[in-house]
Amino acid sequence: MKKLIISLSLLTGIITFGQATSKTDTAKVQNIQEVLMTKKVFKKESDRFVYDISNAPVAKGNTTFDILKQTPLISSTDESTLKITGKNNAVIYIDGRKSNMDAQSLVQFLKNTPAENIQKIEVITMPGSEFQVDASDGIINIVMKKKMTNGLNGNMRMASTANIYSDNSASFSANYRKDKLGVSANLSGGENIRAQSYILKNGNRKATNESVGDIVDPNQNLGGYLNIDYQLTEKSNVALTWNTWANKSYNSTVDLFNTIRTLEGSIWKTNYTRSKNKEDARSYNNSLNLNYELKTDSLGSKLNLNAAYLNFKRFQTTENNTFVSTANGTDVYKSKYVEQNLPQLIDNFSGMADYIQKFKKDLTISVGGNYNKTKTDNDTKSVTSILNEDESLALLYDENGILLDNPKNEPNHFLYDENIYGIYLTVEKKFSDKFSGKAGTRYEITKSVGTSDNAQDINLRRIERNYSNVLPYVSLNYAINDNNNLSYAFSSRMRRPSFWEINPVKNILTENNYVQNNPFVKASSSYNHELTYMFKNSYFLILNHSLQKDVITQVPLQGIPVRADGKEETRNQLRYIRTNFGDKQEMSAMFGIQKAFFKQAWTTNFNIGVQHNRNKGSLSVDPTTGDIFPMYTNNTNSTSFVIQTNNNIRLDQKKTWFAGINFFYVDQQQIELGMLKDLASLDLSIKKIWNAWTFTVNLNDILKTNIVEVEDYQQNGNYNYVQNNMYRQSVGASIVYNFGNQKVKKVRNIENASDEIKSRTR
C-alpha cells in the first residue's frame, strides 16, 4: 500500500535563508555599534552552492527537514520528498557520506534530527564523476558543526503535529570527544497516522469507473546511528559507522466506494462495489561501514578505503476485499478476496577506493573505483478467491468448460543478482584567481540476472542484462570580479530502477485498479546542462536543460484489454504499469534573491522561475502480461511557472522572538500521467528562544491549497482523473533543549561504500 501511495503522490516546489547579526559591547566602540559584520551566507563555489546556517536563528527549533525545505534551490510540496531545482531527485549526503536509509526511513530521520547541529548545507546541482548518483539527481550535503575541544554535548527534541490525526516524535543526539576518540550517536522515534482521501475517475465511451474514499496508514518508527572515529596517527584515521531504522505499519486500511458503469447495447448499466483493503507491514534497514583514511602529504592528498554491508528487510501482507454494494453504500456480500504476501530481502556488499593527489599549482587529480554486489529475494504469494452471494467459493470454468481452481494460487519467487563495477578519473585545476575548471569521466559495467519460478509466463523466468556506460562530466567557473560569478556544467548520468520497481508484483487498490511492477525495466540515461550567474552572493540566475532517454515511470493503461491469446476481458481496467516510457526534455530558468534587510531584522529568500516540459512516449501493451490496451500517448508540451518566498522576521531587539512566513505556488504542468494541476501552500510560524530552550509553533497550508490533482484526456476517448488530499493543513509545536559543552568536536564522517545501492531501496 505504501508503494501505491508513493506512486500516486506527486510533487514540485522551492526555498529559504537565515543569518545572524554580531554585536559589540565595548564602550570604546559605542559610536559604531550599529555596524554589522556579515558573512557570505549563500555563495557559489566551483561545483556547488553553499548555504551557511551555523548561527542563523532560522535553525533554532527546526528539524533538518524543515531547514532543507527553506534552503535556496531546494523544495518539497508533499512533506516526504525533496527536490532540487531542475532535478528529479535529491540525494542526501551527511558530511560527504550518502544516507544509508531507504526513502521512508530517511524522511523520518530528517524530521527527527534537530537543525542546531548543522554548520552548512551544500547543494550540488551537477555532481562530478566522483559521485555515484543516478540520472538527473542532485546532491544535498549536510555539513555538521565541527567543535574544537574535548567533552560532551547534545540536544533533545519533542514535537507534535495535528491535522486529522496527531504526529508525535522525539529525538536525542549526543557527541563525545576525548583526545583521539570521537563518538557520535542519535536515537529518534515517533508515531504518526498518514490520512489521505482519493477521488479516482477513469473510463471511455463504453465504460466508466469512479472510486471515492480514504486511506489510513498508521506508522511507528525507531532508529538512529552510531559513529566511532579513532585517530591512529597524525596522518591516518579509522572509523566505523552503524545506521539502523525500523518501521511498523499495522492495520493500514483502504476504503473506496466504486461506481462502475458499462454500456450494454444502447443502455448504461450501473454496478456498485466497495474495496476494503488491509495491510500489515514492517521494515528494517541496517548498514555497517568501515573506513580507513591516510593522508599522504601536507597538501591534502589522501587515500580513502571503504567496505560496507547493507541489509534491508520488508515484510508485507495484504487483504484485498471487494463487496457488492447498493447505491447508498450498503455492502451486500463479499464477491472477491485477494490475499498477498510480499516480502523483500536485500543484501549488499560493497567496496570503494579513492585516491586524491594534490599538486602545488592548484591541480588536483582524483582516481577511484567501486564494486557493488546486490542480491534481492522476493518470495511473493497471491491467492485469489471468487465468492457466491452466500460468500462461499464459486465454481469457475474456462472457455472450454473445464473446472478451474478456486481459490487461484499464484506464487512467484523472484531472485535478482546484480554486480556493478565502476572507475572514475577527475582533474580539477585553478588556472587563476578568476578561472577554474573540473573535468572527468566515469565508466560503469552492470551485470544482472533476474530469475522467477512463475510458470505462467516463460518470459519472466530469466531476465539477463549486461551493459556498460561512459559518463563524462565538465564544470567551468569564472569569477568576473568580487560581485559577479559565472559557471557552466555538463553531466551525463544513468538511472537504474529501484529494487521494488523490478519486483513483478501487483499493488492492488481496487478490483480493476492496481499498480504493476515490471522486471523488464531497464536503466535510463540523462544529459544535463546548467548555466549559473550570481551577483553579490544575493542574486542568482540558473538556466537548465535536461534530456532523459527511456524515462522510468508508471503509465496508465486503461480500457477493456485483449489478452495475449486474443480473447477480450469483460471489464474495463486501469493498470499503472512501471516501465520505460519514451523521452522527456525539461528546460527551466530561475531568478532568485536572498538578502537581509533592516539591520538583518528581516531575512528573505524570493524565487521565481519558469519551466518547459516536452514529453514524448506511447504504450499499448502491458509488458508483464502481453495484454493489449488502447494506445496511451503523451506527446504534449507545457510551460509553467513557480514562485516561492521564505521569510524570517526578528520581532525583538534581544533576538528571542521570531516569525516565519513561507509561501510557494507551482503552476500546472504536464507530467507522464497527465496534467498536474497547480499547487500552493502558505505556512506561518512563531518561535521563542529562551536560554538553551527553543519553542516553536507552526501553522501549515493555511489556505488548504496543497492538494494534488492530475487529469488526462486521450484522443481515443480515454480519460483519467486523480485527486489526492494528504491533509497538509495542520498545526504543530516543538520543544528543543541543547545541553553540554558546545565546543565538542564533531566525529569525522565518511562516504559509504554502498551508497549507490541505498537509494534504490526506495
Side-chain angles (χ1 to χ4, degrees), residues 9 11-18 53 56-71 74-82 107-108 110-116 157-171 190-197 219 601-607 642-652 655-666 678-690 693-708 724-736:
S9 299
L11 34 142
T12 329
I14 314 197
I15 341 228
T16 288
F17 146 104
I53 63 164
V58 69
K60 295 285 187 179
N62 274 326
T63 68
T64 301
F65 194 87
D66 293 331
I67 291 298
L68 291 176
K69 289 195 304 179
Q70 300 179 54
T71 299
I74 302 175
S75 64
S76 177
T77 62
D78 61 359
E79 293 298 316
S80 61
T81 53
L82 294 164
V107 169
Q108 292 300 320
L110 295 176
K111 289 184 176 180
N112 285 291
T113 302
E116 281 86 351
R157 183 179 190 274
M158 294 182 294
S160 182
T161 301
N163 43 32
I164 293 181
Y165 302 98
S166 63
D167 181 347
N168 305 299
S169 62
S171 67
E191 58 180 9
N192 65 82
I193 301 178
R194 294 178 59 191
Q196 303 184 61
S197 67
N219 289 270
W602 170 34
T603 58
T604 183
N605 194 337
F606 174 81
N607 299 268
V642 60
I643 184 172
Q644 178 158 345
T645 179
N646 295 279
N647 304 273
N648 189 59
I649 303 171
R650 190 181 72 228
L651 301 178
D652 66 338
K655 305 175 186 175
T656 63
W657 285 95
F658 296 88
I661 304 174
N662 302 325
F663 175 77
F664 78 79
Y665 173 80
V666 181
D678 54 343
L679 297 168
S681 182
L682 173 64
D683 307 327
L684 303 178
S685 66
I686 188 77
K687 182 189 302 181
K688 169 64 176 177
I689 300 175
W690 178 59
W693 297 83
T694 303
F695 305 87
T696 308
V697 175
N698 298 286
L699 298 175
N700 302 314
D701 195 17
I702 294 175
L703 304 178
K704 203 175 181 180
T705 51
N706 195 359
I707 298 175
V708 170
N724 179 207
N725 184 358
M726 302 183 194
Y727 301 105
R728 302 298 183 197
Q729 190 178 65
S730 64
V731 57
S734 66
I735 302 173
V736 176

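- A donor and an acceptor atom, one from each side chain of T696 and N698, are nowhere located under 3.5 Å apart.
- Two residues are said to be in side-chain contact when any heavy atoms from C-beta on lie closer than 4.5 Å; L679 and F664 meet this criterion.
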For this session: Step by step, work out the side-chain contact (heavy atoms from CB on, under 4.5 Å) result for T656 and K688.
Result: CA-CA 6 Å; T656 63; K688 169 64 176 177; 3.3 Å; yes
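- Atom OG1 of T161 is separated from atom CG of N700 by 7.0 Å, given to the nearest 0.5 angstrom.
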Let's go through T604 and T645 carefully: what are the C-alpha distance in whole Å and the side-chain angles of both, what is the deciding distance for side-chain contact (heavy atoms from CB on, under 4.5 Å) to 0.1 Å, and is it a yes or a no?
CA-CA 7 Å; T604 183; T645 179; 3.7 Å; yes
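- Residues F606 and I643 meet the side-chain proximity criterion, which asks for heavy atoms closer than 4.5 Å.
- Residue S166 holds its OG atom at 9.0 Å from CG of N192, rounded to the nearest 0.5 Å.
- I735 has its side chain within reach of W693: a pair of non-hydrogen atoms, C-beta onward, lies under 4.5 Å apart.
- A donor-acceptor contact shorter than 3.5 Å is absent between the side chain of Q196 and the backbone of N725.
- Taking CG from L682 and CD from Q729, the interatomic distance works out to 10.5 Å, rounded to the nearest 0.5 Å.
- Checked by atom type and distance alone, the side chain of N706 never pairs as donor or acceptor with a backbone atom of A680 at under 3.5 Å.
- Between the side chains of D683 and S681, at least one donor N or O sits under 3.5 Å from an acceptor N or O.
- Between A195 and Y727, the shortest heavy-atom distance links the atoms O-CD1, 3.1 Å.
- If you take CG on D652 and CZ on F658, they are separated by 7.0 Å, rounding to the nearest 0.5 Å.
- Taking both residues in full, the closest heavy atoms of N163 and S730 are given as CB-CB, 4.0 Å, listed atom of the first, atom of the second, then distance.
- In this structure, F663 CZ and L703 CG are separated by 7.5 Å, a value rounded to the nearest 0.5 Å.
- The distance from atom CD1 of I707 to atom CG of D678, rounded to the nearest 0.5 Å, is 11.0 Å.
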